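To start, the structure itself, in structure tokens.
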Amino acid sequence: MTDERFQLDPAVHYLNPGGVGIVPRAVAEARARYALRAETNPMRFHRVETLPLVERARAAGAEFLGSDGVVLVRNTTEAVATVLASVPFADGDEILVSDHGYPTVLLAAQDRAEVRQVSFPVTATPDEVVAAFAEGLRPSTKLVVVDAITSISALVLPVERVVALAHERGVPVLVDAAHVPGHLRQRPEDTGADFWTGNFHKWAYAARTAAALYIAEPWRDRIRPLVPSFDHPLGFPHWFDHAGTLDYSAWMALPEALDFWREVGGWDAVDASARLLDKGVQIVADALGADGQVSPHHAPLMRLVPLPEGWVSSPEDAIDYYGELSTRHNIEVPVHSYGGQGFFRLGATIANTQAGFEALADAVAEGR
């Protein structure tokens with residue numbers, strides 16, 4: 001059955017709704033209206049209308065996250081680059097990350113300082129994660145980057161404990177919360193982090209690209225936008241609001257997206273999607289001959305299910321198997337390789353039904 005609230009191809013089983021997000025029709029239409037307004041009178045739109053609309057969107061995002069000190073950016077990668085560009089580093093300084101971090105975050109960190117990676121398995125407990133970061137901290141560590149939800153392994157990490165640990169050593173912390181808004185009940189300031197960034201377009205139904213960067217009060221006059229604008233003299237948060245004649249329509253439609261998230265059930269809808277995913281995980285695991293998801297510490301709407309030994313043992317294998325499922329079976333599902341083991345990362349939201357997981361089960365049963 002097609003969910004008319006979305007524009008997804010009804011012939012495709014879309015089991016990766018949080019990958020780059022799924023945009024509701026109502027939000028896409030709202031964005032299109034702002035884009036049209038920009039073209040009907042471009043001069044007036046950029047000189048008069050843009051800033052109030054962006055400020056409205058920023059306020060809506062801050063209210064949704066329950067924290068002051070929030071600015072809008074295009075995605076979490078931009079937010080990470082923004083923080084790294086403003087935090088001072090000297091020769092020999094290190095940035096501490098985990099090997100579950102997002103690849104572009106690692107690349108951005110490598111451009112600024114030496115990078116030290118800590119490692120823990122996809123089955124790691126919160127205690128094991130904290131112990132790994134504790135072991136990785138050095139006197140040379142000048143910044144810790146920790147994921148709230150790891151992208152590849154879908155683990156919810158104990159960010160509050162990692163933040164407290166780092167702060168005991170006088171080290172600031174950046175929380176990569178790309179998958180948090182609309183997914184986890186996490187307020188940025190409650191984590192204690194110096195910096196926190198999350199995408200609205202993954203689980204909160206925003207148009208791409210709309211994301212938040214939270215900056216703790218002591219840093220607000222030091223973290224500068226990557227692109228200065230005429231509003232730069234106004235200082236934080238206004239200097240993030242306008243970087244020239246860009247397309248701000250995704251930001252402007254953020255209030256409509258957050259209204260949609262609430263109207264379809266808010267946290268009750270998240271809980272219902274998590275229950276659907278429980279069923280979906282078991283359906284796929286049974287077809288694979290697996291026990292189920294690999295960890296009890298997975299995110300509500302993202303779970304990792306192991307593939308049989310030998311199916312996927314490298315990133316190249318993962319790309320090939322994803323291509324086969326997408327091309328031959330019209331199934332969109334992330335296939336990952338970690339430590340020589342292959343996994344599906346299954347996801348669910350209100351646009352999903354049990355039929356999608358049954359289709360994946362049929363496809364993998366055919367391949368066994």
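The model shown is predicted, which means the values in this text are computed figures rather than measured ones. Only heavy atoms go into these numbers, but all of them, side chains included; no hydrogens, no water, no symmetry mates.
- A 6.0 Å sphere centred on CD of Glu128 holds more than 12 heavy atoms belonging to other residues, nucleotides or ligands.
- Taking 4.5 Å as the limit, some side-chain heavy atom of Phe344 sits within range of a side-chain heavy atom of Leu360.
- The side-chain heavy atoms of Val335 and Leu307, taken from C-beta on, include a pair separated by under 4.5 Å.
- If you take CG on Asp147 and CD1 on Ile152, they are separated by 9.5 Å, rounding to the nearest 0.5 Å.
- Trp203 places none of its side-chain heavy atoms less than 4.5 Å from the side chain of Leu184.
- To the nearest 0.5 Å, the span separating CG on Leu325 from CG on Leu15 amounts to 9.5 Å.
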- Message: For Asp231 and Trp239: C-alpha separation, side-chain torsions, deciding distance, then whether side-chain contact (heavy atoms from CB on, under 4.5 Å) applies.
- Response: CA-CA 5 Å; Asp231 301 301; Trp239 55 20; 5.6 Å; no

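- The number of heavy-atom neighbours closer than 6.0 Å to CZ of Arg262, taken from other residues, nucleotides and ligands shown, is above 12.
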- After noting the C-alpha distance and the side-chain angles of Asn75 and Thr209, does the key distance pass the side chain to side chain donor-acceptor pair (under 3.5 Å) rule? CA-CA 6 Å; Asn75 52 47; Thr209 50; 5.4 Å; no

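- Around the CZ atom of Arg56, the shell of radius 6.0 Å holds more than 12 heavy atoms that belong to other residues, nucleotides or ligands.
- Not one N or O on the side chain of Ser326 forms a donor-acceptor pair closer than 3.5 Å with the backbone of Ile331.
- The shortest distance between side-chain heavy atoms of Thr150 and Val122 does not fall below 4.5 Å.
- Between Leu174 and Val105 the shortest side-chain heavy-atom distance does not fall below 4.5 Å.
- Ring-plane geometry between Phe64 and Trp261 is classed as perpendicular, the angle between the planes exceeding 60 degrees on a 0 to 90 degree scale with a lower cut at 30.
- Looking at heavy atoms from C-beta onward, Leu53 lies in side-chain contact with Arg37 at the 4.5 angstrom threshold.
- To the nearest 0.5 Å, atoms OG (Ser295) and CZ (Arg303) are separated by 10.5 Å.
- Between the side chains of Gln282 and Asp278, no donor-acceptor pair of N or O atoms lies under 3.5 Å.
- A side-chain donor-acceptor contact under 3.5 Å links Arg31 and Ser249.
- Of all the heavy atoms in Pro181 and Phe200, the pair that sits closest is CB-CD2, 3.9 Å.
- Separating the NE2 atom in His100 from the CG atom in Leu155 is a distance of 6.5 Å, to the nearest 0.5 Å.
- Taking a 6.0 Å sphere around CG of Asp291, one finds it holds 12 or fewer heavy atoms contributed by other residues, nucleotides or ligands.
- Shown here is Asp320, whose CG atom has more than 12 heavy atoms of other residues, nucleotides or ligands within 6.0 Å.
- More than 12 heavy atoms of other residues, nucleotides or ligands shown are found within 6.0 angstrom of CD on Glu78.
- A heavy-atom distance below 4.5 Å is found between the side chains of Ser314 and Asp317.
- Heavy atoms only, all atoms of each residue included: His167 and Val171 are closest at CD2-O, 3.2 Å.
- Considering OG1 of Thr349 and NZ of Lys202, their distance stands at 13.0 Å, rounded to 0.5 Å.
- Here the CZ atom belonging to Arg58 is positioned 5.5 Å from the NE2 atom belonging to His238, to the nearest 0.5 angstrom.
- Between the side chains of Glu263 and Tyr205, not a single donor N or O lies within less than 3.5 Å of an accepting N or O.
- Counted within 6.0 Å of CZ on Phe45, heavy atoms from surrounding residues, nucleotides or ligands total more than 12; the atom is thus considered enclosed.
- The shortest side-chain heavy-atom distance between Phe230 and His242 does not fall under the 4.5 Å cut-off.
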